[in-house]
S.K.: 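Dumping the structure here so I can ask a few things about it.
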Amino acid sequence: GCEGIDVEHGRSILIADDAEAFAGEVVRLIRERKLREQLVREGYERVTNRYDWNVIGDTLLDIYESIRPRRQKKQKQEAVK
């Protein structure tokens with residue numbers, strides 16, 4: 001369920017490929033308070049710094065603005081022809 005998302009197992013997320021491994025990671029979370037706190041902290045930071053709509057919007061705007069001058073230049077060149 002995390003394919004395509006920039007995460008690291010044991011740092012910002014716990015990943016398990018089958019039911020037994022998933023149950024083991026749940027037990028690990030119950031037992032390890034520091035790990036829980038780390039996952040919450042780093043997971044929240046990752047989401048807010050990379051996947052928040054404001055961040056995504058700013059990134060898209062930067063991309064659009066970077067290609068706009070090239071497109072305008074191309075349109076001017078075509079208009080001259």
S.K.: Going by the rule salt bridge (charged side-chain N to carboxylate O under 4.0 Å, His left out), which residues pair with Arg36 if we only count those two or more places apart in sequence or in a different chain?
M.R.: none
S.K.: List for me each residue that meets side chain to side chain donor-acceptor pair (under 3.5 Å) alongside Arg50, sequence neighbours excluded, and say none if there are none.
M.R.: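 With neighbours one apart ignored, the set is Asp6.
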S.K.: Just how far is it from atom CG of Asp58 to atom CD1 of Ile63, taken to the nearest 0.5 Å?
M.R.: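 With rounding to 0.5 Å, CG (Asp58) is 11.0 Å from CD1 (Ile63).
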S.K.: Tell me the closest heavy-atom pair linking Ala16 and Ala21, and the distance in Å.
M.R.: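 Nearest pair, atom of Ala16 first, then Ala21: CB-C, 3.5 Å.
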S.K.: In terms of hydrophobic clustering (I, L, V, M, F, W, Y; side-chain heavy atoms under 4.5 Å; direct or indirect links), are Tyr64 and Val55 co-clustered?
M.R.: no
S.K.: Show me the pairs that pass side chain to side chain donor-acceptor pair (under 3.5 Å) and involve residues 10-20, at least two apart or across chains.
M.R.: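 Matches after skipping sequence neighbours: Arg11-Glu42.
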S.K.: Could you work out, with side chain to side chain donor-acceptor pair (under 3.5 Å) as the rule, every residue matching Glu65, not counting sequence neighbours?
M.R.: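 Side chain to side chain donor-acceptor pair (under 3.5 Å) check on Glu65 returns nothing, list empty.
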S.K.: Cluster question for you: counting only ILVMFWY and a side-chain heavy-atom cut-off of under 4.5 Å, with indirect links fine, are Leu61 and Ile56 together?
M.R.: no
S.K.: So if you build clusters from Ile, Leu, Val, Met, Phe, Trp, Tyr with side-chain heavy-atom gaps below 4.5 Å, do Ile30 and Phe22 land together?
M.R.: yes
S.K.: Hydrophobic cluster mates of Val7, side-chain heavy atoms under 4.5 angstrom, ILVMFWY only, any path?
M.R.: Ile5, Ile13, Ile15, Tyr51
S.K.: For residues Leu14 and Leu35, determine if any side-chain heavy atom of one lies less than 4.5 Å from a side-chain heavy atom of the other.
M.R.: yes
S.K.: Any heavy-atom pair between the side chains of Glu25 and His9 that's under 4.5 Å?
M.R.: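 Touching, per the 4.5 Å side-chain cut-off.
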S.K.: Which residues satisfy the side chain to side chain donor-acceptor pair (under 3.5 Å) test with Arg31, sequence neighbours excluded?
M.R.: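 Residues passing side chain to side chain donor-acceptor pair (under 3.5 Å) with Arg31: none at all.
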